[in-house]
Amino acid sequence: MSNVKVTLFITCIVDMFQADVGKATVEVLERLGCDIEFPMGQVCCGQPAYNSGYVEESKDAMKKMIATFENAEVVVTPSGSCATMFKEYQHIFHDDPVWRPRAEKLAAKTYELTEFIVNVLKVENVGARLKGVATYHPSCHMTRLLGVKDAPMTLLKNVEGLRFEPLPNAHNCCGFGGTFSVKMGNISEQMVDEKVDSAEQTKADFLIGADGGCLMNIGGRMERRGKPIRVMHIAEVLNSR
Amino acid sequence: MAMKIGEGKFKENVNKNMEDTFMRGAVASAQERLRTRRLDAAEELGNWEEWRSHGEEIRQHVLNNLDYYLHELAENLQKRGGHVFFAATADEATGYIREVVNAKGGKKVLKAKSMVTEEIGLNQVLEEEGCTVIETDLGEYILQLDEHDPPSHIVAPALHKNKEQIRDVFSEKLEYKMTSKPEELALHARETLRQEFLTADIGITGCNFAIAESGSVGLVTNEGNAGLVSDLPKTQVVVMGMERIVPTFEEFEVLVGLLTRSAVGQKLTSYITALSGPREEGDVDGPEEFHLVIVDNGRSSILGTEFQSVLQCIRCAACINVCPVYRHIGGHSYNSIYPGPIGAVLTPLLGGYDDFKDLPYASTLCAACTDACPVKIPLHELLHKHRQVIVEREGRAPISEKLAMKAFGLGAASNPMYAAGSKMAAAMMKPFTKNDRISNGPGPLKAWTEIREFPAPNKERFRDWFKEYEKGGGNQ
């Protein structure tokens, strides 16, 4: 089988703060036979401004992204929330005869990383090994809006050496919510505290997630409280050997 | 009390209520119980998604033909001898009811649970007229006894209280001497209320769904109090929001099934009642006089707008029962009788942004509400629409935020600016960075680092690494 050409949408959080997650994404996909392309023109998907109600202000970033990924065959991103945003563009440009069709094309070829591995590459075991106990936080946009519910656990349960403890009240949001985390900081604190408490109850060594924003929030709070559990992006887990 | 339940600002209310550990414990355990019961009930029914779509279709059809069905409902009820009054505002509604009560010389008014009567502030108006108004729903009764504590949930109004607190209220107000066992508390309330039922002049109920084809009012209850309120007093008044209507009993059945499962995880409630006007010749019970008050109070101005779908709501509270924000701040923080996600969408529409513009921001847009809604209201999208209206149409966002977002718009969309900004970030943050962590960030980071550590920007960004990696031939 010839190699699959994958164009990476790395997300601004990974680009700036979690470069290791980006490297792991590249390595996992290459091992599965993908050729990786990374257009340097990519910027932020516009979600922070968009979700705060600044729809017009965020449109330039969206158009930039649509144009940047225009020639990609397949777009893969290690974030459920940012993948959701790419799929949202077609609705945002619903009344724009020029940008709507371009946005629809982008939506149709965009995949979140685990969804791409399981549903497109048809791989359920990436050959990863990691010893310890893990718990998994299903991020909200990925499960509810993108509809990717099973792919992460399908891959994780095949990681050799990893045992899973379910996260209590896993369905509850961690309190990130983009600008919510600072705009409603007091509420966000209570939400993330409950998430951290739940993670601690599992006595896991690793808290795994598939969205950089949520992991920054949960991890940052754990570090502040001390005795942190190691927070890992699923790409890093799948790249563990 | 009308829709707005207090004077405090949103943030002040939140800070105060989050200190109430009793409330938070009661809310968290109720949420878990109600959520599980809803999911179990949905699974037992099967094809839940199809039922949801069906419910959504019914509600949309009614909203798109509301004038037709309201006319049909009114005509059919009038044929049966009922009086129908269309109230454009809360004042018109309470004014009409006050006249009905006064014309009958009514002194004692019994009520079944109704959110729309809370919305129009009916109790206060009648009390000012010298009436004794008694709530007969157990939750509402507890709140009324407790110095008119406002409801914190649209289905379980006293959800913020635990059973010990309820015992204390009963001990103080009803000379209750038993334990905090729910059975004993309920029995005591039942015995006390029974005397009131027998001596009431006027009965007032809400309406879950009115049925247009027969001119009936459908009520869904578990305690049986609504049946007594509507049967025993000689005069009955029903108050309904103008959108709470179905074409026929066929749609009524679908929506009741969605409502009871979503609200409390029941296939059916203990009582489902359809009231069709006053007592007719040969009837053994029922009121002598029947009034239906159909309340607009801002609803018609939502019709035809981007917010119309909020009127699909069947008041089941499933969205409230899964909301992770409500879970921590409780219902009273919203300062509205409509709390949680549905309240954060509906309240600013009915009550205006002056008092309620913070509510649409009290959400992470996690979409748990949208997922839970049995009639598929896209609640998180409506919360987002509010934000857009507040920023773009109303121009109410703070200046500092506007500037920041403008800068974001420019920076994020421009490749050179994004590239330069992200490259400089590590150097700019260096003075604040220790062990790759920022614990006390400047500017917009301050609010983040008050609560959590922030990661230092990578010295080598992913894109820098990738450029080098590609030069080296990747994994070849």
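A, B, ... follow the sequence lines: proteins, then strands. Residue 1 opens every chain.
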Of the backbone (N, CA, C, O) and the side chain (C-beta and beyond), which part of [X] lies under 4.5 Å from a heavy atom of chain B, both, or neither?
X	value
A:S139	neither
A:L8	side chain
A:V21	neither
A:C174	neither
A:N169	side chain
A:I187	both
A:Q18	backbone

Counting only heavy atoms closer than 4.5 Å, note whether [X] contacts chain A via side chain, backbone, both or neither.
X	value
B:K467	both
B:W448	both
B:K402	both
B:F462	both
B:A368	both
B:Q31	neither
B:S439	both
B:T370	neither
B:H386	neither
B:A456	backbone

- Query: Relative to each other, are the rings of B:F466 and A:F38 parallel, tilted or perpendicular (30° and 60° limits)?
  - Reply: tilted
Just wondering, do [Y] and [X] contact through their side chains at under 4.5 Å, heavy atoms?
X	Y	result
B:N415	A:Q42	no
A:E57	B:F408	no
B:R35	A:H171	yes

- Ordered numerically, the heavy-atom neighbours of chain A under 4.5 Å found in residues 320-331 of chain B are B:V322, B:P324, B:V325, B:R327, B:H328, B:I329
- Report, by ascending residue number, the residues of residues 11-19 of chain B in heavy-atom contact with chain A at a distance under 4.5 Å; give 'none' if the set is empty. B:K11, B:V14, B:N15, B:M18
Taking all non-hydrogen atoms of both residues into account, name the closest pair between [X] and [Y] and its distance.
X	Y	answer
B:M405	A:S52	CE-OG, 3.5 Å
A:L145	B:A367	CD2-CB, 3.6 Å
A:R144	B:D371	CD-OD2, 3.6 Å

- Task: Scan side-chain atoms only and decide if B:T449 and A:R224 contain a donor-acceptor pair under the 3.5 Å cut-off.
- Result: no
- Message: A:K183 vs B:E401, test: side-chain contact (heavy atoms from CB on, under 4.5 Å). Steps then yes/no.
- Response: CA-CA 10 Å; A:K183 214 174 167 125; B:E401 185 186 282; 2.3 Å; yes
- Item | SB check B:R463 A:D15 (cutoff 4.0 Å) | yes
